[in-house]
Each structure stands twice: as structure tokens, then as C-alpha cells.
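First up is the structure itself, then whatever we jot down about it.
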Protein chains: 2
Amino acid sequence: MSTTETGTARPAGRPRSEKAEKAILEATLDLIGEGSGVTELTIEAIAARAGVGKTTIYRRWSNKEDLVVDALATLKSPVPHLSGESVRGDLIVLMEAMRLDALQSDRRCVMNIAMSESDRYPHLFEKFRRIAIEPRREAMRQVLRRGVANGELQPDLDIDLAVQIVSGPMVMFTRWADPEDLTEDLPRRIVDQVLAGLGRK
Amino acid sequence: MSTTETGTARPAGRPRSEKAEKAILEATLDLIGEGSGVTELTIEAIAARAGVGKTTIYRRWSNKEDLVVDALATLKSPVPHLSGESVRGDLIVLMEAMRLDALQSDRRCVMNIAMSESDRYPHLFEKFRRIAIEPRREAMRQVLRRGVANGELQPDLDIDLAVQIVSGPMVMFTRWADPEDLTEDLPRRIVDQVLAGLGRK
DNA sequence: ACTTTACGAAACGAGCCCGTTGCGTATCGG
DNA sequence: CCGATACGCAACGGGCTCGTTTCGTAAAGT
């Protein structure tokens with residue numbers, strides 16, 4: 001070898017700018033948050049927004065979908081802390097987190113993409129599900145399983161079905177209701193009604 | 001007046017072709033059903049699909065949104081017949097109708113538009129809600145009200161909340177689950193669990 | 001016949017975005 | 001200093017869609 005090996009095989013020349021990389025990913029999320037669908041999203045617009053040449057983008061991602069996938073991957077999805085005191089309390093915390101997400105327009109748009117472009121961009125949807133949906137869903141599953149174990153819930157409860165039943169109503173509200181219907185007490189009302197059932201006692 | 005008035009003020013010249021009009025609206029729905037978002041939808045593509053000149057389209061609609069609105073208006077949304085024997089039975093029928101809709105890809109795409117482009121095209125969403133969502137929702141409200149009246153359901157039930165709780169889980173399944181999860185018994189399972197509640201008896 | 005309007009087809013200039021290339025500059029290792 | 005690579009910027013040719021216009025033809029009333 002003529003070059004001094006440093007072990008990590010550092011290539012010669014100017015290293016890629018991490019700042020540019022971050023700017024590109026942020027610009028992508030910005031534009032998505034402003035309502036761009038994946039198809040309308042243009043490399044030129046991303047470059048302009050990021051203050052970056054198109055070259056810099058094409059050097060890193062060969063196509064738009066890969067870029068969007070990486071951008072979505074940077075979305076933190078902190079699962080809210082659950083006290084574990086009661087199933088009811090934990091479910092309300094999870095629902096409240098969904099409600100607050102829905103009130104942020106950028107989050108709404110990301111959700112839009114996840115719901116509407118899932119057919120056309122399956123990779124993208126898969127990534128989104130893994131980083132954004134699945135952690136929260138798993139958290140809810142654990143809450144429900146704990147409830148089954150300690151007798152708060154029915155012993156033969158279908159956990160996956162229950163997850164959909166708890167989450168579904170909030171999704172309905174976030175998508176098809178006016179924002180003013182997303183009142184503060186909505187999580188509590190949903191959880192209480194779902195736990196109690198609609199039938200007469 | 002030099003012209004013989006016929007009362008209905010029929011304009012002179014060749015009348016517009018109803019066949020062309022129908023072809024345009026059908027082509028629009030076709031393309032939407034194939035996955036086009038409203039933004040990707042092009043007048044040229046619609047004209048080509050309909051076997052029609054662009055002129056014929058522009059003569060009738062001044063912009064794309066108006067055209068799509070009219071196209072959605074042609075969608076029949078037959079609310080399924082409800083026997084009225086029991087709340088449970090009627091709800092299952094309504095859920096089954098949603099399930100069957102979700103299995104048709106063209107219906108899925110229409111739903112996609114309704115959910116994801118509602119922010120960008122409020123008129124469009126409003127129309128869709130009026131012709132597709134509201135009739136079914138109202139049907140469900142009636143079922144629930146009847147259930148409250150005859151004692152099947154809780155006397156102080158919040159009807160609108162209950163509608164979301166019943167519908168939500170099916171929406172979750174239609175959007176975020178594999179098609180094979182849309183099993184035949186899903187409507188029954190959802191309705192029974194929702195009526196009974198998750199809590200221990 | 002004659003007017004009037006609609007029809008399908010084709011072409012227009014304009015604008016946007018594509019993916020690529022060349023340019024001069026900046027930043028790294030050696 | 002030198003070679004190598006990345007940077008931002010501008011420009012390229014090509015493609016697509018826009019909304020409009022022109023053309024010759026078709027279908028109605030008078």
C-alpha cells in the first residue's frame with residue numbers, strides 16, 4: 001500500500017458536508033410538511049430550500065424515494081412515558097399524544113403521505129410504519145396485555161383488535177373532523193367509552 | 001325577438017354532447033382509481049382516456065378541481081339496507097359495506113384522495129363528505145339512536161362519539177392492515193367488541 | 001341554404017422539472 | 001504545494017403539461 005492505512009479506509013479528498021446532508025433532509029421534511037405529496041416533491045425545490053446544489057443531492061441519493069425514506073427516518077417518535085398505574089390512564093396518555101400530533105400541520109402532512117401514498121410507495125410506507133407507527137402500537141399492546149394480566153381487561157381479549165378499536169376513533173377525529181373537535185377531553189371520552197362499551201350495563 | 005322563443009331559451013347551434021360529458025367524468029374517475037392524486041391528474045390524460053379533445057373539457061370546466069368535484073358527485077353511494085332488527089345486526093351490515101369498499105382498489109383510491117388531499121382541496125373534500133360519508137354516517141346515527149331509544153344502548157350515549165368509535169377500527173384496518181386481514185368475520189368481531197367494551201365484565 | 005355552436009385533432013409558446021455537465025472554489029490527506 | 005473530492009451555481013437538452021388557438025368537420029335551428 002502506498003497510502004498510510006488508518007484502518008477506517010478514509011477516502012482522499014474533501015469529505016462530504018454533514019451540514020448539507022442535514023439541511024437536505026430538513027428541507028425535505030419541511031416541504032412535505034407544507035403539503036407536498038411525494039410526487040409533487042421536486043429535487044430542485046429541495047435543493048433551493050436547503051441552499052444546496054442539486055449535485056449535492058444526486059451525489060447522495062439516486063432517487064427521490066430513497067431521499068424521502070431517509071428523511072422520514074430522522075423523525076423522532078418518542079413514545080410518551082406511561083406511568084403504568086392503570087390501563088385507562090396509559091391509554092389516555094397515548095391518545096393525547098395522537099391528538100397533539102394531529103394539531104401540528106406538519107405532522108398531519110406526514111401522516112397524509114403515510115396513508116395515501118402507501119400504495120404507490122410501499123418502501124416508504126414500510127419505513128414509516130416501522131419508525132412511527134409500530135413503536136406506539138407496541139406500547140399500546142403492552143398496556144393492554146398488562147391490563148389483561150392484572151384483570152382490568154377481559155381475559156380473552158384480542159389484543160390486536162383492541163389496539164385498532166382504541167386508536168381508530170382518534171384517527172377518525174384527526175382526519176375527518178374539524179380541528180376544534182379535537183378538544184382536550186377527547187382522549188378521556190374515547191377511552192372511557194371504549195372501555196365501557198356502547199351496550200347497556 | 002327575431003327568434004322563435006321556445007320558453008327554455010335553447011341556444012342556437014350544435015348542442016353539447018352528453019356522451020362526451022359522461023366519457024370525461026368516467027375517465028376522470030378511472031384515472032383517480034388507478035392511483036392518480038388530484039395534482040398528478042392531467043387534463044391531457046383525461047382527454048386522451050375519454051377520447052375527447054382538450055377543448056371539450058375546457059369548454060365545460062374552467063379548472064381541474066371543478067371537474068373532479070363533478071366526477072365525485074357521480075359516485076353512487078348506496079347505503080345498504082338495514083333490517084332494523086337489532087343494533088348489532090345493522091352495525092355489522094354497515095361495517096361489511098365498508099369492508100367490501102376497501103377491497104376495491106378504485107374505491108380505495110377515492111378514499112385516499114378524500115383523506116390526504118382534504119387540506120389542499122377543501123371544496124373537493126366537502127363534496128366527497130356530503131355525497132359519500134355523510135349518508136352512511138347518518139344511517140349509523142339513526143341505528144344508534146334507535147338503540148338508545150329501545151334500551152339496547154346506554155341511555156346517555158354520545159351518538160357522534162359512538163359513530164367514530166364504531167367506524168374508526170374498520171378505517172384502521174382498511175388503511176393500515178394487509179388486505180388479508182380484512183376477513184369476513186371482521187365486522188362482527190369489531191361490532192361485538194365495541195358494544196361489549198374492553199373492560200372486564 | 002345558412003348561421004351557429006360543438007366536435008376532435010393538432011400545433012403553439014410558455015413554464016417546470018428532469019438528470020447531467022462544466023466551472024471556479026473550498027477542504028481534506030500526503 | 002498537490003492531487004483528490006465536495007461544494008454551490010449555472011447552464012444544458014429533453015420531456016411533459018399547461019391553457020389557447022386554428023383547422024376542417026358535424027349537428028342543430030331558421
Side-chain angles (χ1 to χ4, degrees), chain A residues 1-28 30-32 34-68 70 117 120-121, chain B residues 1-28 30-32 34-68 70 117 120-121:
Chain A
M1 292 287 179
S2 57
T3 63
T4 304
E5 284 290 340
T6 56
T8 53
R10 167 79 142 77
R14 176 177 175 175
R16 292 188 181 173
S17 161
E18 293 184 18
K19 204 168 78 176
E21 189 138 342
K22 275 185 60 175
I24 293 169
L25 293 174
E26 269 185 32
T28 305
D30 267 14
L31 292 172
I32 290 177
E34 289 171 9
S36 273
V38 177
T39 314
E40 297 93 282
L41 205 59
T42 68
I43 301 288
E44 301 211 341
I46 296 172
R49 174 68 63 104
V52 148
K54 284 194 290 179
T55 328
T56 309
I57 298 182
Y58 283 115
R59 194 176 290 121
R60 293 167 159 78
W61 294 277
S62 58
N63 63 67
K64 195 163 57 181
E65 187 170 353
D66 286 351
L67 168 55
V68 175
D70 279 3
E117 323 237 20
R120 245 177 310 175
Y121 303 95
Chain B
M1 291 287 179
S2 58
T3 64
T4 304
E5 284 292 337
T6 55
T8 53
R10 168 78 143 76
R14 176 176 175 177
R16 291 188 181 172
S17 160
E18 292 183 19
K19 204 168 81 177
E21 189 138 342
K22 275 185 59 175
I24 293 169
L25 293 173
E26 270 185 30
T28 305
D30 268 13
L31 291 172
I32 290 176
E34 288 170 9
S36 273
V38 177
T39 314
E40 297 92 282
L41 205 60
T42 68
I43 301 289
E44 303 211 341
I46 295 173
R49 174 67 65 102
V52 147
K54 283 194 292 178
T55 327
T56 309
I57 297 183
Y58 282 115
R59 193 176 291 119
R60 293 160 207 266
W61 293 276
S62 58
N63 63 67
K64 197 163 56 181
E65 187 170 353
D66 287 350
L67 168 55
V68 176
D70 280 3
E117 322 236 22
R120 243 177 311 175
Y121 304 94

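Within every chain, numbering begins at 1; the chains are lettered A, B, ... in the order of the sequence lines, protein sequences first and strands thereafter.
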query = For DNA chain C, whose closest nucleotide is more 5', that of A45(A) or that of E21(B)?
reply = E21(B)
key: Integer-rounded Å distance: dA10(D) C1' and E44(A) CD   = 11 Å
key: Counterpart residues, salt bridge (charged side-chain N to carboxylate O under 4.0 Å, His left out), relative to E44(B) (two or more places apart)   = K54(B)
task = Quickly work out the L67(B) CG to dC18(D) P distance and round it to whole Å.
result = 11 Å
query = Excluding sequence neighbours, so at least two apart, what forms salt bridge (charged side-chain N to carboxylate O under 4.0 Å, His left out) with D30(B)?
reply = R49(B)
key: Minimum-distance pair of heavy atoms, taken over all atoms of I57(A) and I43(A)   = CD1-O, 3.9 Å
query = Taking atom C1' of dT21(D) as reference, at what distance in whole Å does atom CD1 of I43(B) sit?
reply = 17 Å
ask   = Rounding to a whole Å, what distance do you find between I24(A):CD1 and dG8(D):C1'?
value = 11 Å
message = Taking side chain to side chain donor-acceptor pair (under 3.5 Å) as the definition, give me every residue that meets it alongside R60(B), ordered by chain and number, with sequence neighbours left out.
response = E21(B)
ask   = Which ones in residues 12-20 of chain A lie close to DNA chain D, meaning a heavy atom under 4.0 Å from one of its atoms?
value = A12(A), G13(A), R14(A), P15(A), R16(A), S17(A)
remark   = A23(A) and A50(A) have their tightest heavy-atom pair at O-CB, 3.5 Å
ask   = Can you tell me how far P of dC16(D) sits from CD of E40(B), to the nearest Å?
value = 16 Å
task = Check whether any side-chain N or O of K64(A) sits under 3.5 Å from a backbone N or O of T42(A) as a donor-acceptor pair, and report yes or no.
result = no
request  = With a 4.0 Å heavy-atom cut-off, tell me which residues in residues 51-61 of chain A come close to DNA chain D, sorted by residue number.
outcome  = G51(A), V52(A), G53(A), K54(A), T55(A), T56(A), R59(A), R60(A)
query = Atom CG of N63(A) and atom P of dT20(C): how far apart are they, to the nearest Å?
reply = 12 Å
inquiry  = Looking at every non-hydrogen atom in both residues, tell me the closest pair between I46(A) and I24(A) and how far apart they are.
reply    = CG2-O, 3.9 Å
note = Across all chains, not counting sequence neighbours, the salt bridge (charged side-chain N to carboxylate O under 4.0 Å, His left out) partners of E117(A) are R120(A)
task = Round to the nearest Å and state the distance from L41(A) atom CG to dC17(C) atom P.
result = 11 Å
key: Minimum heavy-atom distance A47(A)-G53(A), with the two atoms named   = CB-C, 4.2 Å
